[in-house]
Amino acid sequence: MSDQTTATSDSETLTFPPGFRWGVATASYQYEGDCENSQWRAWEKAGGIANGDIAGIACDWWRHAERDFDLAQQLGLNALRLSVEWSRLEPRSGEWDAAAFARYREVLQGLRARGIEPMVTLHHFSNPLWFEEMGAFLAPSALDLFTRFVARVVEELGDLCDLWCTINEPNVYSVVGYLLGIWPPGHKGDARNTFRVQATLARAHAAAYRAIHQRQPNARVGWAQNFNILDPATNSPLDRLVAGIQDAAYNDFFPRAVLTARAVFPLNLFAGNLSDVRGTCDFLGINLYYRERVAFSLRHASQIFGRRFVPKGVPRGDPGLNDFFGEVYPDGIRRVAERLGVFGKPIYITEHGVADRTDRIRPWVVEQGARNVYAAIQQGLDVRGYYHWSLVDNFEWAEGWHSRFGLAALDLTTQERTLRPSGQFYSAIATANALTPDMVRQFVVDAPPSAR
Ligand code: IFM
């Protein structure tokens, strides 16, 4: 049996604070289509995606995002997280695309006209090719170039958005691209550069924070941190030690840099001076999907002597996904929110969801997500919003179109959307600003047996 708990009682109606944000999270490369100048497009052409998939026109947002904004409005959502595509806005270094800025103005106006508040992410894994070719965040001029881009975006779009997410999942970007090597730039086992990239991203975040506030003093600026709950396999001191070290390296580097301007050993050897990073956030974004267990193992020196695994019988997404799609673990939302309470800042759950083509466990994930958010709020934590990943099936990076995260299914041939039951359920919660026992009875028919 899983030890996942229901954070609240099943027979109670959970009513959320007035104005709570119910949203969905999206990203440019995964939704817009035809991002020809991104390093991900080059990675696709080089055969880097499962089954040779390509993003293609993706969810066709560059032409028709408004179709999905209508859907979000019909679902009763009042928030949507999207990213702007650097490779479109600055296709060559220092050259800005006026038509692309105009399209993003239309997109943001379209959201506002529907009563949906945008949260704009400035970097969501995708780089312009010219930036990638110069070494991306390892290039000496990376900070200046990223800050120049951010400043330009705020000058062009700042009247339509004041809620900014600087960087999406800096730990995922650096680990998957520089340690696992399955995302661009495809470095394998490059621990030194993994941490250097993450440290540069921390400085890039801080520089972006300042550039935004200079232009928009009332802006709310944060970043979205991916948290992978890493619990020790047993209570033994060695399992706890290696789980703690892996947690510090993966989950904690960025938050600690923002809170204290320090990195723990051995990350401090690569991180350089972090003094500018301290205090640079107005909110914290939590992206939470999975849990893994960590056991001490002499055979896993490259993973700091910690062997990670997912126990049998716990809730999982679709079969056949890469190993880092771990135990689906909504309780992590409350645990991470508690952990970040020390910042005293507003919290947004900037992503939570599951790859589940048949909607087998997504209703349960939606339910448990809401319960955990509610429990965190009841504990006095300032959780202001929840953005489900994602509105419709989207291009899932190295997994391509195999994994399906949408509240609505996407037919790639016709671009037709079909709302899944979990989408109806999420809509009921957002519309009522509450989770009721009736909704649970109606929609959560097939909770994973191991989780009840
Ligand atoms: O699709 C991704 C997203 O780009 C970043 N966070 C995790 C999602 C699901 O894997």
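One-based numbering, in listed order, for ligands and for the atoms of each.
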Notebook entry, point to check: Without hydrogens or angle criteria, can the side chains of Asp282 and His213 be said to hold a donor-acceptor pair below 3.5 Å?
Noted result: yes
Check: Can you tell me if Trp223 and Gln225 form a side-chain donor-acceptor pair at under 3.5 Å?
Finding: yes
Next item on the list: Report yes or no: do Glu85 and Ser28 form a side-chain donor-acceptor pair below 3.5 Å?
Entry: yes
Next item on the list: Non-hydrogen atoms closer than 4.0 Å to ligand 1: which protein residues do they belong to? List them by chain and number, please.
Entry: Gln30, His124, Phe125, Asn168, Glu169, Tyr289, Glu351, Trp389, Glu396, Trp397, Phe405
Next item on the list: State, with a plain yes or no, whether a side-chain heavy atom of Asn168 is found less than 4.5 Å away from one of Ser83.
Entry: no
Next item on the list: Specify whether Phe325 and Phe405 have parallel, tilted or perpendicular ring planes, treating 30° as the upper limit for parallel and 60° as the lower limit for perpendicular.
Entry: tilted
Margin query: I'd like to check the salt bridge (charged side-chain N to carboxylate O under 4.0 Å, His left out) partners of Asp60; sequence neighbours left out, ordered by chain and number.
Written below: Arg63, Arg67
